[in-house]
Structure formats: structure tokens, C-alpha cells
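Reading through the C-alpha cells given below for one structure.
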Amino acid sequence: MKDEITFEQVIQWVEELQCQNSIDFQGIKNIKESIKKLNSEITKAKNLNNSINKKILSDYEKIKKIILDENVSITLDNKISNVNKLLNDLKSNVYSLENGQAFEKKINENIKTISTQLEHIATEYNVKDYGAKGDGKTDDSDSIRRCIADLPNSNFILKFPEGIYIQGDGTNPHYSDSNGNYGGDINIGKPIYFDLTNKSNFKIIGYGATIKAHPNNSCIANNRGFSFSDCDNLYIEGITYDGNKNSRQPWGGDNSGYNLQNAFDFSNCDNINLFNVVALNSVMDGFTFRGSGGTPDTYCNNIIMTNCKSKNAYRQGISGVNAHYGTLYGCEFSDTGKDYGTSPMFGIDLEQGYTNYQDRGQKNWSIRDCIFKNNIGQGLGLHWGTYNTLVEGNTFINNGIYCSKDTEFLTVNNTIRNNVFYDTPFFEMQGGGALVENNTFYVTNYTKISITDANNAYDNGKSRRNIFRNNTIISDLSNVDYVNKEVKNMNQNFFNGVTDVINNDFVNMYFIKETNTIGNSFNMNGISELSKFEGNRFIYNVDISSAVSSIAIPKYVNRNNNEYASVFNIGYHRPEYTSLTKKAMIFDETLNKAIWWNGTNWVDGVGNTIS
């Protein structure tokens, strides 16, 4: 019947509430169960008085309307208060039923349970309710800080409506100069940063919102962006922090304490989830995840970043210092150190924070489908204490990867797979146990690829073998002036320790015999006799005198099934023209010189056609 009591709509608004506002998903589940129990009790009485049924149904229609009201001026606190009033009204109506008192105790218990559980649903706090303008002109820092000061310890939503929120007025003092680094009292100036400490189960939502540092703000710790300490279960979505680096012109180094000037800083936080969060022009790091002490209970754990960006940071896009279990997907890290920067200027730098402590460093990070572009340092640094990292499906442009050696054998067993590298200056894995497979390197300038086990981690039983397999290294010399030999040592490959080099393609490793050579080197002189060198192809390479003379491979290394398409005799062993790219080069042993395919003919270094 049309006027029958139904609780489907109640379940519906609870589910919609879960999608839109709730943090405590277990609490929502409990509310659903309580509503079902209440439904069961009222169903027993619903046929006793049809008019009361209509009133009860009307009450729940009002509840649904209140909860789903999108008027931002109505806080969720008010919504919950109104819902509780209607629940009490519902209770009164049920008591009015004939024989309704028989159900009084059970219904009262259920309604009390629902009311209590509603209090655990996240409460909204809107920075504009505290005076923030978001007009791109007004200093909103005090208003935002007042809003944050009003937050409960858990179960809240901090909302930044669309707009540009200016942070500061440019009047704070500056650090002194200590031999080119920041000096003096670290905590000078009025704090204008946004601090959340000891909070849990909360969201920060800011689609279309940018917090932008005043262009005249000094570069001091009290002018940093967001600071999260000892927080758990936090979710941040759609917010941008612009540190205004180029206007503020940071100049000091990153010495301790002064280096807190980050856009988003997380200390001793667990279960961090960032979605579409952007750090622009940071005057130190875009994002920092760090431990607050030297023991595992103070580290950051379980970090998820999706579609996040750091651009034009002063020092790092991300610093991970004693942070475990990070997952990055679809993120971008670019232009770190551009115009203004301090070392190391990496896109991401994962590093130790403390030595000689249990469980130090970074473990089990996964970095997938990200872009590393034009960072002044490396794209990705895997420093002391970084192990079991997976780097997969990423694109590196003018950036590479550096994995340091480690005397404690903890920077080991990192996997680099299915990535594309364009003009990577350095790709260096020193720690041991590196698995580098199915990557493509496009080289138009100098590149060094080095896979080593600098501290013999494998020999000491601390890592797996180094493996370099199924990779393709392509040198493109289409813009090289061969006559004047302007480019030297395009591609250097070094392998040592126990390193297996298997099924790789090395394409266009060019050499010219004369002085001032254009060329590449392939050096395995430090490799262990336990290593394998097999199934590799050297394609369209020009060797100085013989098929392997420019490829330094010790005789004790097993060299099975490798192909060398390096040396060609005139008239007999030149490749088919159709298989050549323009400006492909070979060394013709009969002519005793290098020759090039110009798309139509073979020519020598001064352009004479070779028959």
C-alpha cells in the first residue's frame, strides 16, 4: 500500500551520506543495522493505526530531506540535531499506537542507539564560516587557523570552497645568513601555517581551492603550508598549495629545523590518502613524510597518493624519511630546483632518517604510472635504507634513478620495471639486488647506465643477484655533426659485482675510430665470474676494430647466444637499406672508416658517396 511504513528511503539516505560525508564507515554499518531492528519493531505495530503510519512515513521523508539538503549554510551538526528531533517525534507517534506501550522499551533502545551513532558521522567545518574570503586578495590565514582550532579530535570534514586563499601579509621577519645557510632562531615570526595535531578520521576537501603564500612572505618555518603531526586515517582531496617560490626567492640550504618549510608535511602519521592534491612552487619540499623519532612507532605508514603533483619545488618534490608502505599512482614531479634550488633537487627522495635503529629507512614503496620531468637532480632517489621498492610503468624525461650503496645492506632488492627513459643523464643502481627489466632508454645526449653491487650485498647474503634483462637502449644520433665529432661518449654502460645481463638490445652504439671519438662504452670489467651475459643483441653498432673490442667483457664471463651486428665488410655485410634509419652508421673494415646511410646512399664523414 502507498501509505505503508518503509525504511528503504532511510537506508538510501544513509548510503548517500556515506558516499558524501562520512568517515566512520563502521558507524554507518551500525546505523543501518539499528534501523533494520527499529523497522522490525515498528512493523509489528504498523497495521494498528493507518493514520499514524502516514505520520511516521512523513517524519522519515523529512529526515531524508534534511540529510540530503545541499545548502552549505546548514551544517551537518544542525542536520543531525534535526534528525534526532524527528526520531523523538517518531517515538512519540509509535507510542500513540494502540498497544504501542508494548514496544516502548525496544523502540526506545533502538532510537537511542541511532541517535548516538549519528553523532559519529563527520561534522563539516567550512573555512568561509570563519571569515575566510578566498578572493585572492585578503589574508585568510587567521580565519583558516580559527577554523582549524575549532576542529574536534576526530570525525570531521574541513572544507575549502572554490577560491584563492592568501596566506600571510608579507610582514614576517627573515632568517639571518649563516655562511650561506639559514641561521638564527628557527621559530621567528607569527605562525601562519595550518597545523593539525592528534587528529583522526577526517577529510580535507578543496576542489577549486588554492591556498597561496603571499609573494612577500619570508622563507621561515612559521610560514610553511600544512603540518600534520600524529594523525591517523586522513583523506585530502582536490586542494592546491602554492608556495610562491619564485617571488619569495628562497636562498638557504636545508639544515635541520629550517627545512620544515614544506607545502604538506606529515610527521608520525598513519593511513594517509591524498587524491588530486597539488604542491606548487614550494620553498622547500612539496610533500614530506617523516618519522618524529628513531623508532618504528614514530614513522609514517601506509601512504597513498593518486593523481598528485609537485612542481617547481625548492628542494624535493617528495621527501620520505623513515616512511613505510607508500603507494603512488599517476602522480607528476617536475622542475624541482628550477631557478631556485638546494641539493639534492630530486623529484622524489626516499632516504634514511636514523642509522642503527630497528626497521629504519623506507620499505615496500610502489611508484607506478608517474611522470618525472626536468628535475634538476634525479627523478627518483633510493637512498640509504630504501628497500623492496617497485618502480613500474613510469616516464622519466631528462631524469633518471639513483640508488645509493649501503654499508648496512639495507638499500637493496629494488625493482625497476616497464619504465621509459628519455635522455636520462644517470641511471645508477649501487645497492645490490637490483632487478631492472623491460625498460626502454632513448638517448640523444649523454647517458650513464650503471648496475653495480658496491658493497657486495649479494656476496654477504644480504640481497638477490643484480639482474639487467629485456631492456632496450637506443642511441639516436640524428642531430650529431659526424664531421666535427661534436658528441662524445653518448652512452656508457657499467656492470660489476654479481650482475646478470640477459636478453637486452643495445641499438646504435656508435664509435668512430679517429681521434676525438664519438662513441659509447660497454664495460663489465668488474663483474663477477658468477654473472651471466647472454642473449644480448648489439644492433647497428660500429666497433673500433672487431666485434667486441669496444665492449669490455672479461673472458671468464659466460657469453652465450649474444649477437653482434657491429662489423660489416663492404659489398657483403652492409645491412639492407630498407632496415636502416637515416644517419645509421657502421664501421666498414674494408675501407677502414665509418660510413653513414643518408637515406639514399652510403657516405663518409665528409659526405662523399661510397659505392
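Every heavy atom of this structure was used, including side-chain atoms; hydrogens, water molecules and symmetry mates were not.
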Hey, would you say the Y387 and H324 ring centroids sit under 6.0 Å apart? no
Working to the nearest 0.5 angstrom, can you tell me the gap between Y422 OH and T440 OG1? 8.5 Å
Check whether any side-chain N or O of N466 sits under 3.5 Å from a backbone N or O of G433 as a donor-acceptor pair, and report yes or no. yes
Looking at every non-hydrogen atom in both residues, tell me the closest pair between N504 and R469 and how far apart they are. OD1-C, 3.2 Å
Minimum heavy-atom separation for S404 to Q430, with atom names? C-CB, 3.9 Å
Pair Y235, F202 - check ring pair (Phe, Tyr, Trp, His ring centres under 6.0 Å), show working. CA-CA 6 Å; Y235 178 86; F202 65 91; over 10 Å; no
Would you say the side-chain atoms of N244 and N281 include a donor-acceptor pair closer than 3.5 Å? no
Minimum heavy-atom distance N460-N455, with the two atoms named: ND2-O, 3.8 Å
Parallel, tilted or perpendicular for Y175 and Y258, by the 30°/60° rule? perpendicular
Looking only at non-hydrogen atoms, find the nearest pair between F421 and N399 and report the distance. CD2-O, 4.1 Å
Side chains of D285 and S319: donor-acceptor distance under 3.5 Å anywhere? yes
Below 4.0 angstrom, N of the basic side chain to O of the carboxylate: do K245 and D339 qualify? no
With S282, which residues qualify under side chain to side chain donor-acceptor pair (under 3.5 Å), at least two apart? none
Minimum heavy-atom distance R464-A434, with the two atoms named: NH2-C, 4.4 Å
Check for a donor-acceptor pair, side chain of N419 on one end and backbone N or O of G393 on the other, with a separation under 3.5 Å. yes
Go through R465 and D500 one step at a time and tell me if the salt bridge (Lys or Arg N to Asp or Glu O under 4.0 Å) criterion holds. CA-CA 7 Å; R465 303 165 72 97; D500 296 336; 2.9 Å; yes
Keeping to residues at least two apart or across chains, list the ring pair (Phe, Tyr, Trp, His ring centres under 6.0 Å) pairs with something in residues 325-345. F333-F372
For R315 and P344, which heavy atoms make the closest approach, and how far apart are they? CG-CD, 4.1 Å
How far apart are the C-alpha atoms of F275 and C308, what are their side-chain angles, what is the distance that settles it, and do they pass the side-chain contact (heavy atoms from CB on, under 4.5 Å) test? CA-CA 6 Å; F275 182 74; C308 298; 5.8 Å; no
Under 3.5 Å side-chain donor-acceptor pair for D406 and T411: yes
What residues, two or more places apart in sequence or in another chain, satisfy ring-ring contact (aromatic ring centres under 6.0 Å, His included) together with F226? F194, F264
What's the verdict on side-chain contact (heavy atoms from CB on, under 4.5 Å) for I239 and I211, showing C-alpha distance, side-chain angles and the deciding distance? CA-CA 8 Å; I239 197 164; I211 292 84; 3.5 Å; yes
